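Accompanying notes for the structure given below.
Every heavy atom of this structure was used, including side-chain atoms; hydrogens, water molecules and symmetry mates were not. Numbering of ligands and ligand atoms starts at 1, following listing order. The structure displayed is predicted, hence computed values, not measured ones.
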Amino acid sequence: MSKNIDWSNLGFGYMETEKRFVSNFKNGAWDEGTLTGDSTVTISECAGVLQYAQTVFEGLKAYTTEDGKVVCFRPDLNASRLADSCRRLEMPVYPEDKFIEAVVKTVEANIDYVPPYGSGATLYIRPYMFGSNPVIGVKPADEYQFRVFVTPVGPYFKGGVKPITIRVCDFDRAAPHGTGHIKAGLNYAMSLHAIVDAHNQGYDENMYLDAATRTKVEETGGANFIFITKDGKLVTPKSDSILPSITRRSLMVVAEKYLGMEVEHREVYFDEVKDFAECGLCGTAAVISPVGKIVDHGKEICFPSGMEEMGPTIKKLRDTLTGIQMGHIEAPEGWIKVIRE
Ligand code: PLP
Ligand code: COI
């Protein structure tokens, strides 16, 4: 039985659910892992994660489809991206097939928290890993914990699909040859001051530019950019220092294969942005959130789609992607992992 939760009024927040998956790495090997009811973590005061931020994470969602199945979207890509993140931070890889198993087990164990079809909410799944044994000299930990918890969520941005206003940020998110392309907690710690400052100034998010030249669009704190040109192409920034968003990679396929659009994945100069017809942020949490306005040190770029409604092409992309995720549009082979028939 579905929990008695006011699904349509959920924000993007944490709600403790019944079970989470935990596996420990010790003496060079992962244990079998288990589900536990204990939502707390007890580790050494000197744990690698606490001293030197040795932690990586993932984010994906489970959905109830129109015909009552529970599914998740491309978990294999989250498994391989977590493995990439682990390698970059000198952490042991959690086997990719075991990652998918852990996600499935955790969702199954909390099945009553998967929001019903049409409620507007989804079940956010958060796999993560951290160095757990004492580390005081700067070096990788020897012991790690991998966990997966779930929490039902609503829209990432208040107001759901209403266009947001963002600003060009003076802080950098990621260095060239740094860690911007992996999902490490340290990238988000870096962004906290910038997001608090943006909110204080009345903006919903930051647009980060490339740190080396500050001429190219990178991403926001938690989503990649997509732009629509006046002649209907999808343009999305390519950079070694942004996170390879699974939503963005999927939208590139949706645009080309489902909507017959031309797709350009390339460097995008900030100077070009004023000429685009529509702008959106894409990610698991953000889905596609339309951007109505970008403010660059007092200069405003207002997209023709305006501040009231999502632009027509971004709406089509969003409807097609969520249609695939919720099961009423046929998905490309391998995109949907059924958790409950
Ligand atoms: N960029 C950043 C910095 C993110 O944190 C996220 C969220 O995961 C994304 C982009 C979007 O990635 P995905 O579509 O895989 O969720
Ligand atoms: C996600 O979309 O899964 C993310 O991790 C973004 C995060 C900033 C909430």
min-distance protein heavy atom vs atom 1 (N) of ligand 1 -> Glu219 OE1, 2.5 Å

**Asked** Do Ser23 and Asp31 have side-chain atoms, one donor and one acceptor, less than 3.5 Å apart?
**Response** yes

*asked:* Tell me whether the count of non-hydrogen atoms from other residues, nucleotides or ligands lying under 6.0 Å of CD in Glu272 goes above 12.
replied: yes

Worksheet entry | Distance-only polar pair, side chains of Thr179 and Asn187, donor-acceptor under 3.5 Å | yes

When Leu281, Val161, Thr322, Leu317 are each screened for side chain to side chain contact (heavy atoms under 4.5 Å, CB included) with Ile288, the one that passes is Leu317

With heavy atoms and a 4.0 Å threshold, my read on which part of Ser245 contacts ligand 1 is both

Filtering Tyr124, Tyr156, Phe12 for the heavy atom nearest atom 8 (C) of ligand 2 leaves Tyr156

Is the shortest distance from a heavy atom of Glu58 to ligand 2 less than 4.0 Å?
-> no

Of Leu251, Asn187, Ile246, the one whose closest heavy atom lies nearest atom 13 (P) of ligand 1 is Ile246

The side chain to side chain donor-acceptor pair (under 3.5 Å) partner of Ser241 among His177, Lys216, Arg173, Glu218 is Glu218

Filtering Gly283, Ser191, Gly222 for the heavy atom nearest atom 6 (C) of ligand 1 leaves Gly222

Side chains of Asp170 and His297 only: does a donor on one sit below 3.5 Å from an acceptor on the other? yes

Please confirm whether Gly221 approaches ligand 1 to less than 4.0 Å, judged on its heavy atoms.
yes

Taking only non-hydrogen atoms of Phe57 and a 4.0 Å limit, the atoms of ligand 2 in range are 5 (O)

Taking only non-hydrogen atoms of Arg126 and a 4.0 Å limit, the atoms of ligand 2 in range are 5 (O)

Atoms of ligand 1 under 4.0 Å from any heavy atom of Asn224, numbered from 1 in the order shown, are 1 (N), 10 (C)

Inset, instruction - Verify whether one side chain among Glu18 and Asn110 offers a donor that lies under 3.5 Å from an acceptor in the other. - result: no

Q) Does the N or O separation between Arg248 and ligand 1 drop below 3.5 Å for any pair? A) no

Expected list for residues 74-82: side-chain donor-acceptor pairs under 3.5 angstrom, two or more places apart:
from: Arg74; atom 1: NH1; to: Ser250; atom 2: OG; distance (Å): 2.9
from: Asn78; atom 1: ND2; to: Glu58; atom 2: OE1; distance (Å): 2.7
from: Asn78; atom 1: ND2; to: Gly59; atom 2: O; distance (Å): 3.1
from: Ser80; atom 1: OG; to: Leu77; atom 2: O; distance (Å): 3.3
from: Arg81; atom 1: NE; to: Glu58; atom 2: OE1; distance (Å): 3.3
from: Arg81; atom 1: NE; to: Glu58; atom 2: OE2; distance (Å): 2.9
from: Arg81; atom 1: NH1; to: Pro244; atom 2: O; distance (Å): 3.0
from: Arg81; atom 1: NH2; to: Glu58; atom 2: OE1; distance (Å): 2.7

For Tyr188, the atoms of ligand 1 under 4.0 Å from one of its heavy atoms are 2 (C), 3 (C), 4 (C), 5 (O)

Test your reading of the structure: does Lys183 have an N or O sitting under 3.5 Å from an N or O of ligand 1? yes

Would Arg173 count as a polar contact of ligand 1, with the cut-off being nitrogen or oxygen pairs under 3.5 Å? no

What one should report as the nearest heavy-atom pair of Asp112 and Trp7 is O-CH2, 4.0 Å

Hydrophobic cluster identity match, Phe21 and Tyr113, side-chain contacts under 4.5 Å:
yes

Tested for side chain to side chain contact (heavy atoms under 4.5 Å, CB included) against Glu278, the lone hit among Pro163, Pro290, Pro312 is Pro312

| field | Polar proximity ligand 1 side, Leu243 side, N/O cut 3.5 Å exclusive | value | no

Item checked: Side-chain H-bond candidate by donor/acceptor type, Lys139 with Tyr52, under 3.5 Å -> no

Quick note on ligand 2: atoms under 4.0 Å from a heavy atom of Lys183 include exactly 4 (C), 5 (O)

When distances are taken from atom 16 (O) of ligand 1, the protein heavy atom at minimum range is Thr284 OG1, 2.5 Å

Q.
I want to know if ligand 2 touches Tyr188 in the polar sense, i.e. an N/O pair below 3.5 angstrom.
A. no

For Gly222, the ligand 2 atoms with a heavy-atom partner under 4.0 Å come out as 6 (C), 8 (C)

Requested in this report: State yes or no: do Leu89 and Trp30 share one hydrophobic cluster built from I, L, V, M, F, W and Y residues joined by side-chain heavy-atom distances below 4.5 Å, directly or via other members?
Outcome: yes

When distances are taken from atom 2 (O) of ligand 2, the protein heavy atom at minimum range is Ala285 N, 2.8 Å

Taking only non-hydrogen atoms of Arg81 and a 4.0 Å limit, the atoms of ligand 1 in range are 12 (O), 13 (P), 15 (O)

